[in-house]
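These notes are about the structure you will find just below.
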Amino acid sequence: MVISRRLAAAVSAVLPLPLLLLGPVSTAASAAPAAGPLLPQVVAARQAGQWLAGQLTSQGFVPSTPGGNVASLSSTAQTILALSAANVDLPGAQQALGYLEGRVDGYVSVDGSDGPGKLALLILDAEALGANPTSFGGTNLVARLLATQQTSGADTGLFGTEAQVSDYSAGGYEQGLALAALAAAGVRNTSQVTAAISWLVGVNTGQCPNGGWTTPDNAENPCDGSPASYAGPDTNTTSVAVQGLAAQGALTPAVASRALAFLSAGQDSDAGWSYYPNTSTAPGSTDPDSTALVIQALVALGSNPSASPFAKGSSDPISALLSFQLTSGSSAGAFYYPPAPAPASEIATYQAVPALVGLAFPWAPSGHGYWEVASDGGIFTFGDSGFYGSTGGIVLAKPVVAIAATPDGRGYWEVASDGGIFSFGDAGFYGSTGGIALAKPVVGIAATPDGRGYWEVASDGGIFSFGDAGFYDSTGGIALAKPVVGIAATPDGRGYWEVASDGGVFSFGDAGFYGSTGGIALAKPVVGIATTPDGHGYWEVASDGGIFTFGDANFYGSTGGIALAKPVVGITISPARPA
């Protein structure tokens, strides 16, 4: 009872509209995706993250030279942020964070004072991995960042000293990063934040009339400077300034409109960006670092990087960025800096990852929450998961049996026992078994890493694949002690777990086994399974909402012991999303 990818596509093709094929149509059904690359590019991000993880030494740092014993604390801090965004080697990222905890003073010191950009990066690292930046290696990073702010003179509100400004270690770029870090730490709407925002948008220090920002500021580097002379506003500083303002809720329509106009006008013909905007006198040469940062700014501005006006013929910013990813050899997955051929670049790789995932600074830890769904489609949210709608209160032809989240955590699919799909938030429709006579009812759903497909699993373990979901075997045709009740995919989409009602786990493809409740007497049957972000563990959920954790899965709460109107029927985790 396996439907191949080709047949799944054929089933999908005969359906005139992305309907839900059971009972009523969801009012939140998403439109068909665009043909070009879309965010998030989870597989590409994970490949890049895996290469970065391979650069970490056993002590937990990235060396300043390949194979060396001297740590590059800056590369280590940046790698932590990339690994958190990609959900790759989180234990390695935690070890690296611990390495930096013991070396805070040595890392953040710039020109004899605390450097605001480095403090901000450590705060972002800590927040992305769920650590406390106010108690980090015996110091309060947030207090130290706030203490760097100037309180008088022309640069009132600026984080950093004048010596650091002259050394390009303080200015618009670091100011945006600091505002994002403070937002992540919950510091908003204070007098210091207000002063910092005023500096960043100030006429004499911040945004230029054309919408961009210069580095370090427009006093040292005037707004009318020529890109041909390596002067004037640049895409990198503009991107981080925009992200910092957006994180603080201070991106006014006027500021946003000017920034968007600057980035749009400066785009290269191949749909990417260079450090300085493309002009007739200084034609741009696209690089991955600048393209990635601009994509993050567009996300912060609420723009779609793949849509007009950013698409250029057959190219768009996402495809432009992906063109720098190495696809073979020992550095496969890494990004290079042009011209080609060129070796893998740590900087290009760690800057590309957040953009590929579609994240703007800052973002919260991934996998720190989950949704439970009831048989009427009602949704229960826990931890950092959001609510995007449900079928609760709608009369359904068949009961909802499972849920799966989109890769960015901004939507989810509900699936009914006939395989019909309800989509909410940014979840798209790629086909279903609704309307097809099934030997056994559908009991679970799992999404592919890029969100462009999903698997449905029936109670005998048979698999139906839709969109870009691949088939990696099943228990269909095997006599089972208990019926299969759920499915979860591995982070790279090359495998999946099936779970039975007694909690027994079947693994296929590259899915590993981390334990189960098979053979244990349960108060209520298991009804679903969800994997942790790195694929090294999973949760099982029972019909009363009780949670069982295996591998590196943590416990965040449950409805076990609460009287429910309807039984819980599934579980899915909340992926990384903006803080």
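In what follows, every heavy atom counts, from backbone to side chain, and hydrogens, waters and symmetry copies are set aside.
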| message | Can you list everything that forms a side chain to side chain donor-acceptor pair (under 3.5 Å) with E372? Sequence neighbours excluded, please. | response | T559

| said: If you apply the rule side-chain contact (heavy atoms from CB on, under 4.5 Å), what do you find for V88 with L52, and how did you get there? | reply: CA-CA 9 Å; V88 168; L52 285 170; over 6 Å; no

| To the nearest 0.5 Å, how far apart are CG in L90 and CD1 in I80? | 11.5 Å

| note | For T291, the side chain to side chain donor-acceptor pair (under 3.5 Å) test, sequence neighbours excluded, returns none

| message | Using only atom types and a distance under 3.5 Å, with no angle test, would you say the side chain of W539 pairs donor to acceptor with the backbone of N554? | response | yes

| request: Measure the spacing between CH2 of W51 and CG of L326 and express it to the nearest 0.5 Å. | output: 8.5 Å

| Qualifying residues under ring-ring contact (aromatic ring centres under 6.0 Å, His included), relative to F324, sequence neighbours excluded | Y336

| message | For a side-chain contact (heavy atoms from CB on, under 4.5 Å) check, start with the C-alpha distance between I520 and L522, then their side-chain angles and the critical distance, and finish with the verdict. | response | CA-CA 6 Å; I520 299 174; L522 303 177; 4.2 Å; yes

| query | Between OG of S432 and CZ of F422, what distance do you get to the nearest 0.5 Å? | reply | 10.0 Å

| query | Where is the tightest heavy-atom contact between A44 and L322, given as atom of each residue plus distance? | reply | CB-CD2, 3.7 Å

| message | Treating Q296 as the side-chain partner and L359 as the backbone partner, does any N or O pair qualify as donor plus acceptor under 3.5 Å? | response | yes

| said: Checking the side chain of S423 only, and the main-chain atoms of W413 only, is there a donor and an acceptor separated by less than 3.5 Å? | reply: no

| request: Give a yes or no answer on whether the side chain of S239 reaches the backbone of I295 with a donor-acceptor pair at less than 3.5 Å. | output: no

| said: Can you tell me how far apart CD (Q325) and OG1 (T349) are? Round to the nearest 0.5 Å. | reply: 8.0 Å

| field | Spacing of CD belonging to Q351 relative to CG belonging to L356, to within rounding of 0.5 Å | value | 12.0 Å

| task | Report the residues that fulfil side-chain contact (heavy atoms from CB on, under 4.5 Å) with S375, sequence neighbours left out, ordered by chain and then residue number. | result | P399, K566, P567, V569

| said: Does V401 form a side-chain contact (heavy atoms from CB on, under 4.5 Å) with V373? I'd like the steps, not just the answer. | reply: CA-CA 8 Å; V401 294; V373 63; over 6 Å; no

| How far apart are the closest heavy atoms of Y538 and F513, and which atoms are they? | OH-CD1, 3.7 Å

Tell me which donor-acceptor pairs under 3.5 Å the side chains of residues 442-450 have, and how far apart each pair is, sequence neighbours excluded?
| from | atom 1 | to | atom 2 | distance (Å) |
| --- | --- | --- | --- | --- |
| T448 | OG1 | D450 | OD1 | 3.1 |
| T448 | OG1 | R452 | N | 3.4 |
| T448 | OG1 | G453 | N | 3.2 |
| T448 | OG1 | G453 | O | 3.2 |
| T448 | OG1 | D468 | OD1 | 2.8 |
| D450 | OD1 | R452 | N | 3.0 |

| message | Please find the pair of heavy atoms, one from V357 and one from A85, that lie closest to each other, and give the distance. | response | CG2-O, 3.6 Å

| query | Is the backbone of V62 close enough, under 3.5 Å, to the side chain of Q55 for a donor and an acceptor to pair up by distance? | reply | no

| said: Could you work out, with side-chain contact (heavy atoms from CB on, under 4.5 Å) as the rule, every residue matching Q95, not counting sequence neighbours? | reply: none

| Distance from I379 atom CD1 to Y412 atom OH, nearest 0.5 Å? | 4.5 Å

